Novice: 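Have a look at this one before I ask anything.
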Amino acid sequence: MLKFEPQEIFIEQDCQSMPMVSRLIAALPHVPLRIVDPGREEVTFPVPPGTDFQTAKKRLYVAKHKGEFLKKCPGSDGQICCNYFVINFASNCPMDCSYCYLQEYLAHNPALKVFANVDDLLAEAGELLYKHRRYFFRIGTGEITDSLILDPYIGFTREVVPFFAEQPNALLELKTKSNCVDDLLRVDPKERVVVSWSMNPQRVIDAEEHGTASLLERLQAAHLCQDAGYRLGFHFDPMIEYPDWERDYEALVEQLFATVDWRRISWLSMGVLRNTPGLKRAMRERRPRTRLLAAEQVPNPDGKLRYFQPLRIEMYRKMLRWIRRNAPTVKIYLCMESKHVWEQVFGYAPSCEKELGAQLDPHV
Ligand code: SF4
């Protein structure tokens with residue numbers, strides 16, 4: 001299993017008695033640990049000003065989350081959105097993909113942080129789901145972190161999976177580039193939890209997805225989860241264009257469907273490399289040699305840079321053909337793409353985000 005160990009752990013003093021903290025201390029007894037009082041003026045935790053992003057990823061800060069945990073996914077202006085909710089149980093990620101948008105998004109708040117008050121999170125989610133029983137919710141935990149990379153130490157899924165397994169109107173998605181699934185295999189998700197992987201050819205993983213699980217490790221973990229009763233999801237995102245990309249992505253699709261049963265896949269998504277001028281600046285500083293910086297991209301109405309539209313359409317159409325050859329009716333959507341691109345790829349576009357959200361409800 002992929003191993004990440006923080007170099008230091010900081011625990012806010014009012015989190016000391018929480019179950020997550022006991023698990024963390026038991027799993028990492030050799031890692032230096034400090035109890036901190038965030039209310040004290042002179043304390044400059046989680047990271048002192050000026051700490052670089054790389055250093056911040058190595059120090060784990062355990063805090064109590066004070067606001068709301070559940071938020072509607074912000075999506076992207078002018079793009080079709082998939083009506084998704086996010087639970088931010090942690091912030092930042094110890095893996096280090098060259099294209100990771102957190103380099104820009106968390107530039108001024110880069111601490112690797114987990115929130116220990118999971119009971120508050122579950123109470124909030126329970127209230128929302130109970131109040132709106134007629135609606136179906138897709139909820140994810142991997143928006144500003146990876147859903148599973150810290151799980152061997154914090155045991156987050158031990159608390160959330162049994163809770164979501166009992167919810168009649170929600171599906172929890174755990175999105176990852178790791179293979180940290182050991183704890184998941186001990187719990188029955190009762191068809192209510194989707195474990196999903198971001199997928200790229202091994203060549204892209206080697207070049208751009210530093211510290212993540214290999215393609216084979218991701219596939220093996222997916223196979224284990226499927227056998228344990230989990231639904232699966234796969235995100236071909238970000239798809240990268242390079243000479244020979246077709247050969248690699250077609251082989252990736254074949255390898256995927258040779259490993260898992262497509263009938264138990266809840267959804268697949270596709271999206272191409274997205275950038276912003278700010279993210280490019282961060283990449284230039286942190287990963288000056290990445291070839292992604294040389295990609296030809298154009299600005300879109302949502303302020304993001306993407307490949308030219310005809311190239312995107314061609315990439316999606318080819319992927320769709322390879323996927324459909326193996327999985328004729330699997331649900332597929334585009335991530336952060338315009339109505340026009342949807343129409344060119346699928347021949348239709350969902351009229352609104354609710355329609356797309358409903359299409360992804362596995363019970364429909
Ligand atoms: S795994 Fe995801 S969150 Fe972590 S560095 Fe890569 S893109 Fe960012």
Side-chain angles (χ1 to χ4, degrees), residues 1-6 47 52-61 71 73-74 76 84 86-115 140-154 156-157 173-181 194-215 217-219 221-222 233-240 269-276 278-283 285-287 290-293 295 304-306 335-336:
M1 194 168 58
L2 204 62
K3 280 256 184 289
F4 157 73
E5 282 201 6
V47 289
D52 67 273
F53 205 74
Q54 198 62 30
T55 307
K57 279 173 173 271
K58 294 181 184 144
R59 307 164 88 202
L60 182 62
Y61 189 81
K71 293 193 172 63
C73 175
S76 210
Y84 195 73
V86 290
I87 290 176
N88 289 324
F89 78 99
S91 181
N92 212 343
C93 170
M95 296 180 275
D96 203 8
C97 305
S98 329
Y99 53 75
C100 180
Y101 88 107
L102 299 180
Q103 298 171 96
E104 181 191 18
Y105 189 72
L106 296 177
H108 302 294
N109 183 19
L112 175 61
K113 216 186 281 179
V114 287
F115 300 115
T141 60
E143 198 210 7
I144 55 168
T145 187
D146 181 276
S147 296
L148 295 178
I149 185 71
L150 299 170
D151 213 50
Y153 311 114
I154 64 172
F156 176 68
T157 61
E173 181 177 22
L174 301 167
K175 205 187 276 187
T176 190
K177 284 195 184 89
S178 81
N179 60 345
C180 303
V181 298
V194 178
V195 192
S196 69
W197 277 267
S198 304
M199 299 298 279
N200 254 317
Q202 187 59 46
R203 191 195 299 229
V204 175
I205 295 174
D206 288 341
E208 313 295 350
E209 299 182 350
H210 310 285
T212 65
S214 69
L215 174 59
E217 287 169 331
R218 294 181 207 186
L219 289 169
F234 295 95
H235 302 285
F236 299 103
D237 192 356
M239 288 171 59
I240 312 283
S269 77
M270 302 188 285
V272 294
L273 180 68
R274 296 176 286 282
N275 253 318
T276 60
L279 176 55
K280 278 193 135 173
R281 270 194 299 279
M283 287 166 69
E285 221 170 84
R286 299 194 61 239
R287 297 275 174 200
T290 173
R291 286 160 66 184
L292 303 183
L293 285 166
K304 293 194 169 67
L305 302 160
R306 292 177 176 82
C335 189
M336 293 191 191

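In each ligand, atom 1 is the first atom listed, and ligand 1 is the first ligand listed. Predicted model only: the values in this text are computed from it and were never measured.
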Novice: Under 2.8 Å from atom 4 (Fe) of ligand 1, which protein N, O or S atoms are there? Could you list them by chain and number?
Specialist: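 The answer is C93 SG.
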Novice: Do you see a donor-acceptor pair shorter than 3.5 Å between the side chains of Y84 and E173?
Specialist: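 Present: a donor and an acceptor within the cut-off.
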Novice: When you measure from the side chain of K113 to the backbone of N92, do you find a donor-acceptor pair of N or O atoms at a distance under 3.5 Å?
Specialist: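 Here the side-chain-to-backbone pair does not exist.
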Novice: Would you say the side-chain atoms of R218 pair up with the backbone N or O of S198, donor to acceptor, closer than 3.5 Å?
Specialist: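 Yes, the answer is positive, given that a donor and an acceptor are paired below the 3.5 Å cut-off.
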Novice: Do other residues, nucleotides or ligands put more than 12 heavy atoms under 6.0 Å from the OH atom of Y105?
Specialist: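 Not buried by this count: 12 neighbours or fewer within 6.0 Å.
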Novice: Under 3.5 Å, side chain of Q103 to main-chain N/O of S98, donor-acceptor pair present?
Specialist: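 It does hold such a pair.
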Novice: Side chains of S147 and T141: donor-acceptor distance under 3.5 Å anywhere?
Specialist: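 Note: S147 and T141 side chains meet the donor-acceptor criterion.
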